[in-house]
Amino acid sequence: MPELPEVETTRRGIAPHVEGREIVEVIVRQPRLRLPVPNDLVERLVGARIGGLSRRAKYLLVPVQAEDAASASLLWHLGMSGSLRIARLGELPKKHDHVDLVLDDGAILRYHDPRRFGFVDWLQGDAARDPRLARLGPEPLSEAFDGERLHALSRGRRLAVKPFLMDNAVVVGVGNIYAAEALFLAGIDPRRAAGRISLARYRRLAAAVREVLAAAITQGGTTLRDFVGGTGEPGYFAQRLNVYGRDGAPCRRCGAELRLVILGQRASVFCAACQR
DNA sequence: ATAGGCTCCTGCAAGC
DNA sequence: TGCTTGCAGGAGCCTA
């Protein structure tokens, strides 16, 4: 379940192995992903050179430059079960290894995605103009994201604060797990209407979002070597979760039994004593 | 404009 | 033991 920290960990892990390399072969074993793999992806990519990787929200951007061709990028989304890893030449693909980019030094960038919620798409020209990227709110670890923004955007909104925080137009990269954890740290009830939360409390929430995401990225870094080397599993569950997946268990702070509610079709665990 | 529901997919776990 | 059922999740799309 890659959220922003896992995508960032992936970017950092694969970048040194792919940047500057030429793609010599592309193998698509399963083109039916969340979006179909573009028909002409193979012919466009073979012979192209990979530029500097970047990330926007949970999207990975892979610039590719072919000889005498306009600039273009791959827009890669890992969905909820996708992973990218570096495999060695000759390493046999496993089940759900859907796409391989074979590089000129023999390394393979290999995409694995059991649930196929992810996709890889071809973007011609300036990637930032793609509508999927153009409408996104600020990065949670950037200066543009703060309590003032949350407060301003939420005025008049009756939507519960948890789905509000998970809206990509508000702030990107805050999925179900980190939304639940940040609301716990900030002491805010996930059911509370977004428009009825004070600026002071939104400042605490913004700080909590930054805190949980930054901690998760740091943890991802600790498992980077294993991740790139072969297990293909980022150190996602290693971190200590306070509420996510713990309904019925005691609150780590006050001992009260954690409750489960459904908000925006998503399970939301919280402590009714600590979160108001 | 806003809020809520539905959908894609597979693996896993729980229930019978 | 072997079946069925439900759940997990991002984000685009749809409807009221």
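Throughout, protein chains are lettered first and strands after them, A, B, ... in sequence-line order, and every chain is numbered starting at 1. Please read all numbers here as calculations on a predicted model, not as lab measurements.
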With a sphere of 6.0 Å drawn around CG of Asn39(A), does it hold more than 12 non-hydrogen atoms of other residues, nucleotides or ligands?
no

Quick test: give all pairs of protein nitrogen or oxygen and nucleotides 12-16 of chain C nitrogen or oxygen below 3.5 Å, distance rounded to 0.1 Å.
from: dG12(C); atom 1: OP1; to: Tyr59(A); atom 2: OH; distance (Å): 2.8

Met166(A) atom CE is separated from dA11(C) atom P, nearest whole Å, by 9 Å

Computed from five pairs at either end and rounded to 10 degrees, the angle between the axes of the helix from dT2(B)-dA16(C) to dC16(B)-dG2(C) is 60°

### Aromatic ring proximity, centroids under 6.0 angstrom, Trp76(A) and Tyr111(A)
yes

Determine whether any donor atom in the side chain of Arg266(A) lies under 3.5 Å from an acceptor atom in the base of dG10(C), or the reverse, and answer yes or no. yes

For Pro140(A) and Leu213(A), the nearest pair of non-hydrogen atoms, with its separation, is CG-CD1, 3.4 Å

Closest to the 5' end of DNA chain B, once Lys95(A) and Phe117(A) are matched to their nearest nucleotides, is Phe117(A)

Taken in chain and number order and not counting sequence neighbours, the residues that satisfy side chain to side chain donor-acceptor pair (under 3.5 Å) with Asp167(A) are none

| Does atom CZ of Arg158(A) have more than 12 heavy-atom neighbours from other groups under 6.0 Å away? | no

Sorted by chain and residue number, the salt bridge (charged side-chain N to carboxylate O under 4.0 Å, His left out) partners of Arg201(A) (sequence neighbours excluded) come out as none

Glu19(A) meets the salt bridge (charged side-chain N to carboxylate O under 4.0 Å, His left out) criterion, sequence neighbours left out, with none

**Prompt:** NA contact type, Arg32(A), heavy-atom cut-off 4.0 Å: base, sugar-phosphate, or nothing?
**Reply:** sugar-phosphate

In whole angstroms, the gap separating C1' of dA11(C) from CG of Asp113(A) amounts to 14 Å

With Leu74(A) as partner, the option from Leu60(A), Leu45(A), Ile50(A) fulfilling side chain to side chain contact (heavy atoms under 4.5 Å, CB included) is Leu45(A)

Aromatic ring pairing His112(A)/His96(A), orientation class (parallel under 30°, perpendicular over 60°, tilted between) = perpendicular

In whole angstroms, the gap separating P of dG10(C) from CG of Leu75(A) amounts to 17 Å

With a 4.0 Å cut-off (strictly under) to non-hydrogen atoms of chain A, the first and last hit nts on DNA chain B, 5' to 3', are dT2(B) to dG11(B)

Is it the case that more than 12 heavy atoms not belonging to Arg155(A) sit under 6.0 Å from its CZ atom?
yes

